[in-house]
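Notes to accompany the following structure.
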Number of protein chains: 2
Amino acid sequence: MSSWALDYETANCTIGAALAIVGEKWTFLVLREAFNGIRRFDDMRRRTGAPRQILSDRLARLVAEGLLRRAPYREDGQRTRYEYRLTEKGIDLFPVMVALLGWGDKHARPADGPAVLLTHRDCGAPVTLRLGCADGHQIESARQVTPVPGPGARRVA
Amino acid sequence: MSSWALDYETANCTIGAALAIVGEKWTFLVLREAFNGIRRFDDMRRRTGAPRQILSDRLARLVAEGLLRRAPYREDGQRTRYEYRLTEKGIDLFPVMVALLGWGDKHARPADGPAVLLTHRDCGAPVTLRLGCADGHQIESARQVTPVPGPGARRVA
DNA sequence: GATGCTAGGTCTAGTTGACAGACTTAGCAA
DNA sequence: TTGCTAAGTCTGTCAACTAGACCTAGCATC
């Protein structure tokens, strides 16, 4: 089998663009903690294990890219400091998180089961991720999906 | 707001385990091409842009982890060589791919639109990823999801 | 108005990983 | 036996990561 993909460029694939932002080492762990409600530098550091400098870099990058924003806070007897909160752009990564968690739970499961479960806030039932199509069909496997060149596709010269 | 997450360890979070396998630089691009039907070393190299040595490392790692398998093939006038095909474990990463593509298309879109579209093989309609809960409710936003400690959760000492 | 406290950094030196480009390998054909 | 080709490996260079020490800026207490 030869793939149609060979005839097209990869330069403008948005997966590459997405990975350029969130694909660096530690970045995704930082986002995981952000989704867990962690907002402060030292908490992030403890929970991700990232070296301070790296964490500093990654937070700055995520703020620059608009996935996190810095918000001031103040504890009694302390000066004003800043914490990091997810923006809508960051929150939009949630499905990626859920998908990765699902894969990890299935294929890299620790003996005693998942450490975290996602539940529907309103009813408590476990959250699931489903593939479907715009016509309402359920899709069970990647084999039922056909990638086709989109409007931004460019043929290889 | 203080997060419940602070009371629990992160060591056994499966997102971390998943990222340890697929979170290295280039690895995800290699998998993207695998989903595009690319199987051969040189095609991978051209399409991902990864240096030969890195690609070689990543492919070996993915084979060792069971996401790809080596399969022999033979072109006329050539000796037998090996190509790399997704295993079920690899194919199970498809939702992560779709989620990342969706995010990229929304937030890092090139001017002329997405380079690749995913369509349902049977009806041609675009593929979508939906969050829901086991009770059948549709979930629109990460804000409707509550993470809770699972069976594998361990309190911080 | 000097001192200590603390979260959130920065600085430095050493190690690991990525990179480009040249070189190697193994079987088939002529 | 020579050439051809896909799929690597080897080498030197350079960038990224890492651990650990150090710095910073307000607030409170003295």
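In what follows, chains carry the letters A, B, and so on, assigned in the order in which the sequence lines appear, proteins first and then strands, with residues in each chain numbered from 1.
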**Asked** Do A:H107 and B:D92 meet the criterion of a side-chain donor-acceptor pair at a distance under 3.5 Å?
**Response**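 Yes - a donor-acceptor pair under 3.5 Å links their side chains.
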Distance criterion of 3.5 Å, no angle test: do you see the side chain of [X] paired donor-to-acceptor with the base of [N]?
X     : N      : value
A:R52 : D:dT18 : no
B:R81 : D:dT5  : yes
A:Q53 : D:dC17 : no

**Message:** Please determine whether a side-chain nitrogen of the Lys or Arg among A:E88 and B:R143 lies less than 4.0 Å from a carboxylate oxygen of the Asp or Glu.
**Reply:**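 Counted as a salt bridge, because a side-chain N and a carboxylate O are separated by less than 4.0 Å.
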Nearest-Å distance for atom pair [atom1]/[atom2], residues [X] and [N]:
X     : N      : atom1 : atom2 : value
A:R58 : C:dG9  : CZ    : C1'   : 16 Å
A:E24 : D:dA16 : CD    : C1'   : 10 Å
B:L55 : D:dA6  : CG    : C1'   : 12 Å
A:I38 : C:dA7  : CD1   : C1'   : 15 Å
B:I54 : D:dA7  : CD1   : C1'   : 16 Å
B:Y82 : C:dT25 : OH    : P     : 18 Å
B:E83 : D:dT5  : CD    : P     : 20 Å
B:R45 : C:dA20 : CZ    : P     : 10 Å

Just compare [options] and give me whichever is closest to any side-chain atom of [X].
X     : options               : answer
B:F41 : C:dA7, D:dA7, D:dC17  : D:dA7
A:Y73 : C:dG9, C:dA18, C:dA7  : C:dA7
A:R74 : D:dC27, D:dA7, D:dC17 : D:dC27
B:W26 : D:dA7, C:dA18, C:dT10 : C:dA18
B:R79 : C:dA26, D:dT18, D:dT9 : C:dA26
A:Q78 : C:dC19, D:dG8, C:dT6  : C:dT6

**Asked** Of the non-hydrogen atoms in A:T87 and A:L68, which two are nearest, and what is the gap between them?
**Response**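 Result for this residue pair: CG2-C, 3.7 Å.
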**Prompt:** For B:D43 and A:D57, take the nucleotide of DNA chain D holding the closest heavy atom to each; which residue's nucleotide lies nearer the 5' end?
**Reply:**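 Between the two, 5'-proximity favours B:D43.
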**Item:** N or O in side chain of B:S56 less than 4.0 angstrom from D:dA7 OP1/OP2
**Value:**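 Answer is no, no contact under 4.0 Å.
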**Message:** Less than 4.0 angstrom between a side-chain N/O of B:K25 and OP1 or OP2 of D:dA16, yes or no?
**Reply:**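 It does not, given that no N or O in the side chain of B:K25 lies less than 4.0 Å from OP1 or OP2 of D:dA16.
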**Prompt:** In Å, rounded to the nearest 0.5 Å, how long is the span from CD1 of A:I139 to SG of B:C123?
**Reply:**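 Going from CD1 on A:I139 over to SG on B:C123, the span is 7.5 Å.
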**Request:** Output yes when a side-chain donor or acceptor of A:R154 lies under 3.5 Å from a complementary backbone atom of B:A115, and no otherwise.
**Result:**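 Not at all, since once roles are kept as given, no pair shorter than 3.5 Å links the two residues.
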**Item:** Test applied, side chain to side chain contact (heavy atoms under 4.5 Å, CB included); reference residue, A:V30; option that passes from A:R61, A:M44, A:E24, A:R45
**Value:**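 The residue from A:R61, A:M44, A:E24, A:R45 that satisfies side chain to side chain contact (heavy atoms under 4.5 Å, CB included) with A:V30 turns out to be A:M44.
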**Asked** Which part of the nucleic acid does B:E75 contact within heavy-atom distance under 4.0 Å: base, sugar-phosphate only, or nothing?
**Response**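 Since no nucleic acid heavy atom lies under 4.0 Å of B:E75, the category is nothing.
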